[in-house]
Asker: 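Let me give you the structure first, and then I'll get to my questions.
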Amino acid sequence: MTPPDFAILKQRQAMGRITLTFDNGPEPEMTSLVLDVLRKQDVRATFFVIGQNLEKPGAKAVVERARAEGHWIGNHSFTHRTSLGNASTDSFFDEEVSRTFDALGDLAHPDRLFRPFCNAGLIDHRLFRKTDIQKMRGAKITCVLFNSVPRDWEHPDAWVNRALTDLTTKPWTTIVLHDIYGYPDGVDVRSMLQLDRFMSLAKAQGHEFLQEFSPDCVPIRRGEVCFDIQSLTN
């Protein structure tokens with residue numbers, strides 16, 4: 001009989017739950033690769049898409065595939081150019097959020113999942129204005145944040161160890177990754193080529209993948225404010 005791997009057994013003492021979320025797509029080729037990995041690993045995730053990206057050739061088809069395979073589809077603004085809290089016009093919410101829900105149509109999750117632009121993973125007072133909160137409440141939107149940002153856009157594989165370390169610091173990790181090639185400067189980092197390795201290592205350490213979001217990352221659920229969000233508001 002093969003002796004137990006005591007290193008893995010020790011790591012399992014820190015086991016927790018993981019929710020995978022992907023921002024900034026769809027990028028047809030990379031999103032397809034991510035979907036292939038998720039199918040192989042038998043894990044369901046959520047894709048927060050940028051509205052204008054749906055206009056790329058093949059983009060809507062890959063989102064339709066994601067939805068058909070049981071993944072949730074959310075809204076990550078139309079242009080991803082600035083945070084709601086820094087908006088210069090009162091119409092910005094409608095231009096960025098409402099317009100993306102219109103573009104998604106029936107592909108959007110029934111809970112109207114929305115992840116705001118977060119300034120490279122910084123969750124602070126720039127997230128919303130008070131009027132945005134009222135609009136989300138009126139539209140019965142569910143706002144989904146995150147509690148782990150391994151900065152996968154910076155390096156093709158260094159993010160894996162950062163993410164694995166982060167998993168040991170909390171009982172439930174809602175992690176944000178990006179199903180795209182490169183990041184703002186067009187650097188071709190292809191970080192999601194390491195997604196399968198990350199998921200296999202996380203499972204070997206005893207972590208469990210769930211589709212639901214950790215409660216600390218959902219400040220607004222179906223239009224109802226779940227906890228104090230004054231620190232997120234301009």
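All heavy atoms count here, side chains included; hydrogens, waters and symmetry mates do not.
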Asker: To the nearest 0.5 Å, what is the distance between CE (M30) and CD1 (I180)?
Answerer: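 Rounded to the nearest 0.5 Å, the CE-CD1 separation comes out at 9.0 Å.
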Asker: Got T89 and F93 here, is their nearest side-chain heavy-atom distance under 4.5 Å?
Answerer: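 Heavy-atom side-chain distance check fails, nothing below 4.5 Å.
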Asker: Please round to the nearest 0.5 Å and tell me the distance separating atom CG of D179 and atom CG of L35.
Answerer: 8.0 Å
Asker: Do Q211 and L20 have side chains that approach each other closer than 4.5 Å (heavy atoms only, starting at C-beta)?
Answerer: no
Asker: Check whether any side-chain N or O of D111 sits under 3.5 Å from a backbone N or O of L113 as a donor-acceptor pair, and report yes or no.
Answerer: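 It does not hold such a pair.
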Asker: List in chain and number order the residues that pass side chain to side chain donor-acceptor pair (under 3.5 Å) with N161, two or more places apart in sequence or in another chain; answer none if no residue qualifies.
Answerer: none
Asker: Are W159 and F198 close enough that their ring centers fall under 6.0 Å?
Answerer: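 For W159 and F198, the ring centres are under 6.0 Å apart.
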Asker: Are the charged groups of E224 and R221 less than 4.0 angstrom apart, N to O?
Answerer: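 Answer for the salt bridge query: no.
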Asker: Just by modelled atom types, is the L145 backbone N or O under 3.5 Å from a matching donor or acceptor in the R115 side chain?
Answerer: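 Yes; at least one donor-acceptor contact below 3.5 Å.
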Asker: M192 and L167: same hydrophobic cluster, using ILVMFWY side-chain contacts below 4.5 Å?
Answerer: yes
Asker: Go through E96 and T82 one step at a time and tell me if the side-chain hydrogen bond (donor to acceptor under 3.5 Å, both in side chains) criterion holds.
Answerer: CA-CA 10 Å; E96 291 293 313; T82 191; over 6 Å; no
Asker: To the nearest 0.5 Å, what is the distance between OG1 on T233 and CD1 on I133?
Answerer: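 Going from the OG1 atom of T233 to the CD1 atom of I133 covers 4.5 Å.
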Asker: Taking all non-hydrogen atoms of both residues into account, name the closest pair between P26 and T31 and its distance.
Answerer: CA-OG1, 3.6 Å
Asker: Using the rule that two of Ile, Leu, Val, Met, Phe, Trp, Tyr join whenever any of their side-chain heavy atoms come within less than 4.5 Å, decide whether L54 and I50 are in one cluster.
Answerer: no
Asker: Looking at K40, I want to see if its NZ is surrounded by more than 12 non-hydrogen atoms of other residues, nucleotides or ligands under 6.0 Å.
Answerer: no
Asker: Could you walk me through whether T174 and V218 pass the side chain to side chain contact (heavy atoms under 4.5 Å, CB included) test, one step at a time?
Answerer: CA-CA 10 Å; T174 295; V218 185; over 6 Å; no
Asker: Can you confirm if the NZ or CZ of R81 lies within 45° of the ring axis of F117 and under 6.0 Å from the centre of its six-membered ring?
Answerer: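 Because its charged atom misses either the 6.0 Å distance or the 45° angle limit, R81 does not stack over F117.
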Asker: Hey, does N24 have a side-chain heavy atom less than 4.5 Å from the side chain of H80?
Answerer: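 The answer is yes; the side chains approach within 4.5 Å.
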Asker: Is any side-chain heavy atom of T46 closer than 4.5 Å to a side-chain heavy atom of F213?
Answerer: yes
Asker: Enter the distance from R151:CZ to S191:OG here, rounded to the nearest 0.5 Å.
Answerer: 12.0 Å
Asker: With distance as the sole test, does H109 use its side chain to make a donor-acceptor pair with the main-chain N or O of I73 at under 3.5 Å?
Answerer: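 Absent.
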Asker: Any side-chain heavy-atom pair from S214 and F146 closer than 4.5 angstrom?
Answerer: no
Asker: With side chains defined as the heavy atoms from C-beta onward, is the minimum distance between I175 and D166 less than 4.5 Å?
Answerer: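 Result no, sub-4.5 Å side-chain heavy-atom pair not found.
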Asker: Under the salt bridge (charged side-chain N to carboxylate O under 4.0 Å, His left out) criterion, do D106 and R67 qualify, and how do the steps go?
Answerer: CA-CA 10 Å; D106 292 342; R67 172 70 183 270; over 6 Å; no
Asker: Can a side-chain donor-acceptor contact be found between S200 and Q41 if the only test is distance below 3.5 angstrom?
Answerer: yes
Asker: Going by an N to O cut-off under 4.0 Å, is there a salt bridge joining R65 and E69?
Answerer: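 Answer for the salt bridge query: yes.
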Asker: Grouping I, L, V, M, F, W and Y whenever their side-chain heavy atoms are under 4.5 Å apart, do L107 and F47 come out in a common cluster?
Answerer: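 Yes: a chain of side-chain contacts under 4.5 Å links L107 to F47.
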Asker: The test is salt bridge (charged side-chain N to carboxylate O under 4.0 Å, His left out); show your working for E27 and K56 and say whether it passes.
Answerer: CA-CA 8 Å; E27 183 71 51; K56 296 179 180 179; 3.0 Å; yes
Asker: What are the two closest non-hydrogen atoms of S77 and F114, and how far apart are they?
Answerer: N-CE1, 4.3 Å
Asker: Would you check, one step at a time, whether the test side chain to side chain contact (heavy atoms under 4.5 Å, CB included) holds for H71 with L38?
Answerer: CA-CA 9 Å; H71 304 290; L38 294 173; 3.5 Å; yes
Asker: Determine, stepwise, if the pair F78 / S98 fulfils side chain to side chain contact (heavy atoms under 4.5 Å, CB included).
Answerer: CA-CA 9 Å; F78 196 83; S98 303; over 6 Å; no
Asker: Will you find, in the side chains of R197 and Q194, an N or O donor that is under 3.5 Å from an N or O acceptor?
Answerer: yes
Asker: Considering only heavy atoms from C-beta outward, does the side chain of L127 approach that of D132 to under 4.5 Å?
Answerer: no
Asker: Can you name the closest pair of heavy atoms from L193 and L33 and give their distance?
Answerer: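 Residues L193 and L33, closest heavy atoms: CD2-CD1, 3.3 Å.
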Asker: Do V43 and V37 land in one hydrophobic cluster if side-chain heavy atoms of ILVMFWY residues count as linked below 4.5 Å?
Answerer: yes
Asker: Evaluate F22 against W72 for ring-ring contact (aromatic ring centres under 6.0 Å, His included), listing each step before the verdict.
Answerer: CA-CA 10 Å; F22 296 90; W72 295 345; over 10 Å; no
Asker: Donor-acceptor pair, distance only, cut-off 3.5 Å: does the side chain of H207 make one with the backbone of A202?
Answerer: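 Not at all, since once roles are kept as given, no pair shorter than 3.5 Å links the two residues.
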Asker: Using every non-hydrogen atom in the two residues, find where T100 and V49 come nearest and quote the distance to one decimal.
Answerer: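 Taking every non-hydrogen atom into account, CG2-O, 4.2 Å.
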Asker: Are there more than 12 heavy atoms of other residues, nucleotides or ligands under 6.0 Å from atom CD of E29?
Answerer: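 It does not: E29 CD has 12 such atoms or fewer within range.
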Asker: Could K60 and E55 be called an ion pair, given the rule that one side-chain N must be under 4.0 Å from one carboxylate O?
Answerer: no
Asker: Are the side chain of T19 and the backbone of E212 linked by a donor-acceptor contact shorter than 3.5 Å?
Answerer: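 Looks like yes, one N/O pair under 3.5 Å.
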Asker: Which heavy atom of Y181 sits nearest a heavy atom of R190, and at what distance?
Answerer: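 Result for this residue pair: CD2-CG, 3.5 Å.
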Asker: Do you know the tightest heavy-atom contact between R126 and N86?
Answerer: CD-ND2, 3.7 Å
Asker: Can you sort out the partners of K140 under side chain to side chain donor-acceptor pair (under 3.5 Å), two or more places apart, ordered by chain and number?
Answerer: none
Asker: Using 0.5 Å steps for rounding, measure from the OG1 atom of T142 to the CE atom of M136.
Answerer: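 Answer rounded to 0.5 Å: 10.5 Å.
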Asker: Mind checking whether V144 and V225 sit in one hydrophobic cluster, side chains of I, L, V, M, F, W, Y counted as touching below 4.5 Å?
Answerer: no
Asker: Find the distance between CD1 (I141) and CG (N75) and round it off to the nearest 0.5 Å.
Answerer: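 Going from the CD1 atom of I141 to the CG atom of N75 covers 7.0 Å.
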Asker: With sequence neighbours left out, what residues match D94 under salt bridge (charged side-chain N to carboxylate O under 4.0 Å, His left out)?
Answerer: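 Checked D94 against salt bridge (charged side-chain N to carboxylate O under 4.0 Å, His left out); matches are K135.
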Asker: Is the backbone N or O of P150 less than 3.5 Å from a side-chain atom of R162, with the two atoms forming a donor-acceptor pair by type?
Answerer: yes
Asker: Can we say K203 and E208 salt-bridge, meaning some charged N sits less than 4.0 Å from an Asp/Glu carboxylate O?
Answerer: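 Judged by the 4.0 Å cut-off on N to carboxylate O distance, K203 and E208 do not form a salt bridge.
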Asker: Are any of the side-chain nitrogens in R99 or D102 under 4.0 Å away from the carboxylate oxygens of its partner?
Answerer: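 No, R99 and D102 are not salt-bridged.
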Asker: Just wondering, do S148 and V176 contact through their side chains at under 4.5 Å, heavy atoms?
Answerer: no
Asker: Strictly by modelled atom types, are D23 and H178 linked by a side-chain donor-acceptor pair under 3.5 Å?
Answerer: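 Per modelled atom types, D23 and H178 side chains form no pair under 3.5 Å.
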Asker: Using the side chain to side chain contact (heavy atoms under 4.5 Å, CB included) rule, take F227 and D216 through it: C-alpha gap first, then chi angles, then the decisive distance, then the call.
Answerer: CA-CA 9 Å; F227 51 81; D216 63 309; 5.6 Å; no
